[in-house]
Engineer: 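Attaching a single structure in C-alpha cells format; questions to follow.
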Amino acid sequence: MRSYCVRACVPVVLLGLSVPSVHAEDEHIVAHGQATALRSTPVIGGRLGLTVQHNPATINIITRSVMDLRGIAHADEAADSAPGVTSGGSPGNPAQLMMRGFTAGQVLVLRDGIYYGPTTMVNRPLNTFNLENVQVLKGPSSVLYGQGAVGGTVDIRTRDPVFDAAHANALVSYGSFNTWNAGVGGSIPLSSTFAIRADFSRTSSAGYVQGANPHSNDLTVTALWRPNADFSARLGVDYLTDRLSTYYGAPLVPLRQTGDAASGLLTSSQGLGLTRSELWKYYNVSDAKAGSVNATPTLHLDWQVNPHLALHNKSYVLYAKRDWNNAETYSFIGNTSAVDAAGQSIAAGRIGRDRFYVYQNQHQVGDTVNATFDHTVFGIKNRLVLGGDAYYLRFIRNRGFPDADYADSVSMTAPQGGSLGPFEGELPYRKSPTTMTDAAVFLEDVVTVWGRLRIVGGYRYDWLHLDRQNYNQNGAFNAKSSFQGHYNPSNFRIGPVYDITPAVSVYGVFSTAEDPPGANLFIANRGQFSALSHTTQGEVGTKATLLNGRANTTLALYNIDRRQILVATGPDTVANAGRQVSRGVEWEGNLALTHHVSLSGNVAYTDSHFGSGFMPSAGMDASGHQVPNVPRVTANMWGVWSRVGDLPLDLGAGMRYVSARQGDYANTITLHDYATVNVFAGWHMTKNVTVYGRIDNIGNKYYVQWADPSYPGQVLMGAPRSFSMSIQAGL
C-alpha cells in the first residue's frame, strides 16, 4: 500500500510526452505533440540509442510534465499510467509493481540505470518532484541489466541541470487526511561549461488510515561539467529519508461468527471477509516504525572519441539503513485456547498480533563501462556496444520476534496501539549477512539491413557469487541454513523491426532471463534452490503515428514462461515452487480531437497462472491457479479540455479500472474489481503560476487495493474519496 500523498494537478492525456504547463497560448502544443512519444530515445531500452518506435520492446515514458499535470506524488504511481501496470505492497514490501503477471522481485527497479538489489528489500516510494521521468520496459530484460528482470524493468530518472538559463520550480499542495506535499528546486549555469541542479521535496500525511503517518524527504543534487560537445561528466547525490505508512491491512475474519459484513470487497471460499467496523482501522502498535536513510552518489562520464567511437562509464556507491519494528500480522481468534506472550488467554473475537523487527544495513559499490562502435560492413550500417559490469553488495539483516504465536491482542472493532515490547524470545536478534559479487560482459547490436529493416540483438554473461550466512540467537554460525552459490546466467534477445511506412512499424522479439528463483534473494537459505530460474518471452507488436501526428498507438502481444520458482509464504519464509506462464495483450492510444480537447487511454489483458507442481514444499497444490494481485484486465482513460470558454481554465477527468484478482496462492480469496474516477480544474493565474483543484475517487468507491501473500490473513484497503489543492510555479 503506497503512502498516501496526492498532488492536485491536471490529469493531462499524454503518456510519454514532455509538455510544458498549459497556458492559454499552449493548447496547440498539448493537442498536436503526441508524435514525439514514439520518436523519443529512452535510456531504459538499451545502449544502442534506439527510439521507442525502433526498439523491439514495449516501452512507456512518463515524463516530468505528465507527472506534474496528473498530480502523481510517487514513482510507483507514475508507473501505474503504463498499460497493464499496477502498484501496491505492504510496509514490509513497499512500492511494489505488477506487470505482465509478475510482481515483487521479478520486476526490476533501477535508479538512473543502477541496480541496488531485490526490490522487495530496497525499493521505496520516491517523490516525483525530484524526477525527470519514469521509464518502463516490459518483459525480461536480463540481457540489459542482469539478474532479477522478468516481468519488466522500471528506471527512475532524476533531473539534469541545463545550460540555457537559470530555472526554478516550486510546489505546495494540501489535501485530505492532512496531506502536505512541497518541493523547491532549480538549475543554475555557473559558466558555459558547468551547471548545477538541486531539488528538495517533502511529503507528509496522517494517512487515510489514521495512525499510519507516512512522510519522506528527498534531496537530489547534480553537477554537470561539459567542457565541449564531445565530453561530459555528471556527478549526482541523492539523499532520502522516509517513514513508510505502517498500515499493514485489516484481518480477514469468519463472517458467520462476526456478522457486519462489508459487501463488495472480496469473496472467500472459506467464509472469510472484512466487517464494516474494520475498514481503515489501524491494527499496528502506536509507536510502529518503518523508516530508512539512503545515500547514493553516482558519477557518469561520456566521451565521443570520434564519429565512430563513444565511451561511457558510470560508477556508484550506496549506503542504506532501513528499520522495521511493528505488529505485522493479525489473526482472528475464534476460540479461547489461544494465549499471548504473557501467558494470558485471548478472548474469542479479538485480534491476535505478532511482533517482528528487521534492521538492515546495505553497502554497495559498482561500475559499468561500455564502448559504442558505429561502422559500415559491406555497405550495411551497424552499431555495436561492448561493455562490462561489476558490483559488490554487502547486506546485513538483523531480525527478531517473540517465541509466542501472539505477542498480544486487541479489539477487532476498536484496536488500541499497545507497546512494541520487548517480549521474551525476540532478543538477541538473529543476524544474517549476505554478500553478492557480480561481474558481467555484454554486447548489443543493431544492423540496418536496409532503410526499413533493423535487426536488434544482445547478449550478456554473468559471474555471480552469493554468500549467505545465518547466525543463531546465541551468535553461533548456523551452517545448516547458510550456503554459498556460484551462478553463470547467460541471456540474449533478438528481434527485427520493420517500417511499413516512416510512421508505422512492426516488430518481433525473443528474449531470455535468468534470475535467482526467490521472490527475495536476501532471505533464501540452503536447500531452497540450486539453480537459477529460466525465463523465455516471445513478443510481437506494432507502433504507429497517425493523422499527421495528432494520434499515436501501440499494440503488443506476448507469452512469458518462467521455470524454477521460489516464493515468499510469510514475513520470513519461502517455499519451492514450479512454473509460471503469463500471456496477454496491451494497447495504448493518444488522440488530439481539437486544439483544445485530447483523449488518451490504454487497456491490457493478462492471463498469468502457475504450472503443474506449484508449491509442493508448502503443502499446497496451486497448479493452474491464478497469480495473486494480477488482474486480468486493467484500463486507464484520461481527457482534458483546455482553455474552456477562452479562459485560462483547464478541466479534465481520469478513470482507472482494475478487474478481479486473487488474494492468495490457493485462490481461496478473490478481490473484487473496482473503478475510480478523478476530476480536476486548473486556473492559470499567470504565465508561471497555476492553481489546481482535484477530487480523487469521486464516487468514494470502497475497494481492496493489495493482498500481500507474505501476510495471507489480511488485505489492504484502497483510499476513499479525497480532495486536494495545489499551487505550482516555475520560471
Side-chain angles (χ1 to χ4, degrees), residues 42-60 82-85 97 99-102 105-110 113 115 135-155 383-385 387 389 440-447 454-462 464 487-498 505-517 532-543 554-565 579-586 604 606 608:
V43 178
I44 198 172
R47 303 169 181 87
L48 292 168
L50 299 173
T51 64
V52 173
Q53 180 177 345
H54 292 137
N55 202 310
T58 299
I59 298 174
N60 303 99
V85 178
L97 297 169
M99 61 182 71
R100 295 200 167 175
F102 294 88
Q106 279 69 63
V107 176
L108 198 63
V109 177
L110 311 174
Y115 169 77
Q135 303 184 13
V136 180
L137 171 65
K138 301 291 189 61
S141 50
S142 292
V143 68
L144 299 175
Y145 303 109
Q147 59 88 14
V150 177
T153 300
V154 176
D155 193 1
R383 172 169 289 182
L384 173 67
V385 174
D389 184 17
V441 293
F442 57 83
L443 66 86
E444 298 179 60
D445 192 75
V446 55
V447 180
R454 296 168 176 82
I455 306 296
V456 180
Y459 177 78
R460 177 179 173 117
Y461 186 88
D462 285 77
L464 176 63
Y487 311 97
N488 300 107
S490 173
N491 293 286
F492 72 94
R493 75 165 176 167
I494 186 73
V497 181
Y498 180 72
S505 301
V506 294
Y507 70 91
V509 66
F510 182 83
S511 55
T512 70
E514 286 182 277
D515 68 310
L532 301 178
S533 70
H534 183 71
T535 303
T536 58
Q537 175 188 259
E539 178 180 344
V540 295
T542 183
K543 306 173 186 180
T554 62
L555 178 69
L557 295 88
Y558 65 87
N559 185 88
I560 303 176
D561 189 345
R562 182 173 186 251
R563 300 170 184 265
Q564 180 71 20
I565 307 174
R579 175 188 179 199
Q580 179 178 340
V581 177
S582 293
R583 56 180 63 96
V585 57
E586 299 166 347
T606 305
S608 186

Engineer: Side chain of Glu444, backbone of Val385: donor and acceptor closer than 3.5 Å?
Structural biologist: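 Not a single qualifying donor-acceptor pair exists.
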Engineer: Does Arg454 form a side-chain contact (heavy atoms from CB on, under 4.5 Å) with Tyr507? I'd like the steps, not just the answer.
Structural biologist: CA-CA 9 Å; Arg454 296 168 176 82; Tyr507 70 91; over 6 Å; no
Engineer: For Thr554 and Thr58, run side-chain contact (heavy atoms from CB on, under 4.5 Å): C-alpha distance rounded to whole Å, both residues' side-chain angles, the deciding distance at 0.1 Å, then the answer.
Structural biologist: CA-CA 8 Å; Thr554 62; Thr58 299; 5.8 Å; no
Engineer: Apply side-chain contact (heavy atoms from CB on, under 4.5 Å) to residues Ile59 and Gln135 and explain how you reach the verdict.
Structural biologist: CA-CA 7 Å; Ile59 298 174; Gln135 303 184 13; 5.6 Å; no
Engineer: Tell me the closest heavy-atom pair linking Pro140 and Ile560, and the distance in Å.
Structural biologist: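 Residues Pro140 and Ile560, closest heavy atoms: CD-CD1, 4.2 Å.
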Engineer: When rounded to the nearest 0.5 angstrom, what distance separates NZ in Lys543 from OG in Ser505?
Structural biologist: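 Output value for this atom pair is 8.0 Å.
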Engineer: Keeping Tyr145 on the side-chain end and Ile44 on the backbone end, is there a donor-acceptor pair under 3.5 Å?
Structural biologist: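 The answer is yes, because a donor-acceptor pair under 3.5 Å joins these two groups.
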Engineer: For the side chain of Asn491 and the backbone of Ala513, is there at least one donor-acceptor N/O pair under 3.5 Å apart?
Structural biologist: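 Side chain of Asn491 to backbone of Ala513, a donor-acceptor pair under 3.5 Å: yes, one is there.
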Engineer: Could you pull out the closest heavy-atom pair between Leu137 and Ala57, with the gap in Å?
Structural biologist: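 Taking every non-hydrogen atom into account, CD1-CB, 3.6 Å.
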Engineer: Please answer whether the main-chain N or O of Glu514 pairs with a side-chain N or O of Ser533 as donor and acceptor at a distance below 3.5 Å.
Structural biologist: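 Checking the backbone N and O of Glu514 against the side chain of Ser533, no donor-acceptor pair under 3.5 Å is found.
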Engineer: In Å, rounded to the nearest 0.5 Å, how long is the span from CG of Asn488 to CG of Leu532?
Structural biologist: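 CG of Leu532 is found 8.5 Å from CG of Asn488.
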Engineer: Please name the pair of heavy atoms, one in Val143 and one in Gly458, separated by the smallest distance, quoted to 0.1 Å.
Structural biologist: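 Heavy-atom minimum between the residues: CG2-C, 3.4 Å.
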Engineer: State which residues pass side chain to side chain donor-acceptor pair (under 3.5 Å) with Lys138; sequence neighbours excluded, sorted by chain then number.
Structural biologist: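 Counting only residues at least two positions away or on another chain, Lys138 forms a side chain to side chain donor-acceptor pair (under 3.5 Å) with Glu586.
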Engineer: Run the side chain to side chain donor-acceptor pair (under 3.5 Å) test against Ser490 and tell me which residues pass, sequence neighbours left out.
Structural biologist: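 For Ser490 the side chain to side chain donor-acceptor pair (under 3.5 Å) partners, ignoring immediate neighbours, are Tyr459.
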Engineer: Heavy atoms, side chains only, cut-off 4.5 Å: are Asn60 and Pro83 in contact?
Structural biologist: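 When only atoms from C-beta onward are counted, Pro83 and Asn60 do touch, with a gap below 4.5 Å.
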Engineer: Ser608: what forms a side chain to side chain donor-acceptor pair (under 3.5 Å) with it, not counting sequence neighbours?
Structural biologist: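 Expected list: Gln580, Ser582.
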Engineer: Can you name the closest pair of heavy atoms from Pro56 and Gly508 and give their distance?
Structural biologist: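 Minimum heavy-atom contact is CB-O, 4.0 Å.
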Engineer: Looking at every non-hydrogen atom in both residues, tell me the closest pair between Leu97 and Val107 and how far apart they are.
Structural biologist: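 For Leu97 versus Val107, the nearest heavy atoms are O-CG2, 3.7 Å.
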Engineer: Could you tell me whether the side chain of Leu144 reaches within less than 4.5 Å of the side chain of Thr153, counting heavy atoms only?
Structural biologist: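 When only atoms from C-beta onward are counted, Leu144 and Thr153 do not touch, as no gap falls below 4.5 Å.
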Engineer: Taking side chain as C-beta onward, heavy atoms only, is Gln106 less than 4.5 Å from Thr535?
Structural biologist: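 SC-SC contact between Gln106 and Thr535 ruled out.
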Engineer: Do Thr512 and Ser142 have side chains that approach each other closer than 4.5 Å (heavy atoms only, starting at C-beta)?
Structural biologist: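 Side-chain contact under 4.5 Å: no.
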Engineer: Looking only at heavy atoms, which two atoms of Pro42 and Val52 are closest? And how far apart?
Structural biologist: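 Residues Pro42 and Val52, closest heavy atoms: CD-CG2, 3.7 Å.
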Engineer: Determine whether Arg460 and Asp389 make a side-chain contact, defined as any pair of heavy atoms from C-beta on separated by less than 4.5 Å.
Structural biologist: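 Yes; the side chains approach each other to less than 4.5 Å.
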Engineer: If the condition is salt bridge (charged side-chain N to carboxylate O under 4.0 Å, His left out), which residues does Arg493 pass it with, not counting sequence neighbours?
Structural biologist: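 Residues passing salt bridge (charged side-chain N to carboxylate O under 4.0 Å, His left out) with Arg493: none at all.
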Engineer: Are Arg562 and Phe102 in a cation-pi contact, defined as NZ or CZ under 6.0 Å from the six-membered ring centre and within 45° of the axis?
Structural biologist: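 That pair does not qualify as a cation-pi contact.
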Engineer: Go through the structure and list residues passing side-chain contact (heavy atoms from CB on, under 4.5 Å) with Asp561, not counting sequence neighbours.
Structural biologist: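 Only Thr536, Arg563, Arg579, Val581 meet the side-chain contact (heavy atoms from CB on, under 4.5 Å) criterion with Asp561.
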Engineer: Please identify each residue that fulfils ring pair (Phe, Tyr, Trp, His ring centres under 6.0 Å) with Tyr498, with sequence neighbours left out.
Structural biologist: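 Tyr498: no ring pair (Phe, Tyr, Trp, His ring centres under 6.0 Å) contacts found.
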Engineer: May I ask you to test the Thr606-Tyr558 pair for a side-chain heavy-atom distance under 4.5 Å?
Structural biologist: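 The answer is yes; the side chains approach within 4.5 Å.
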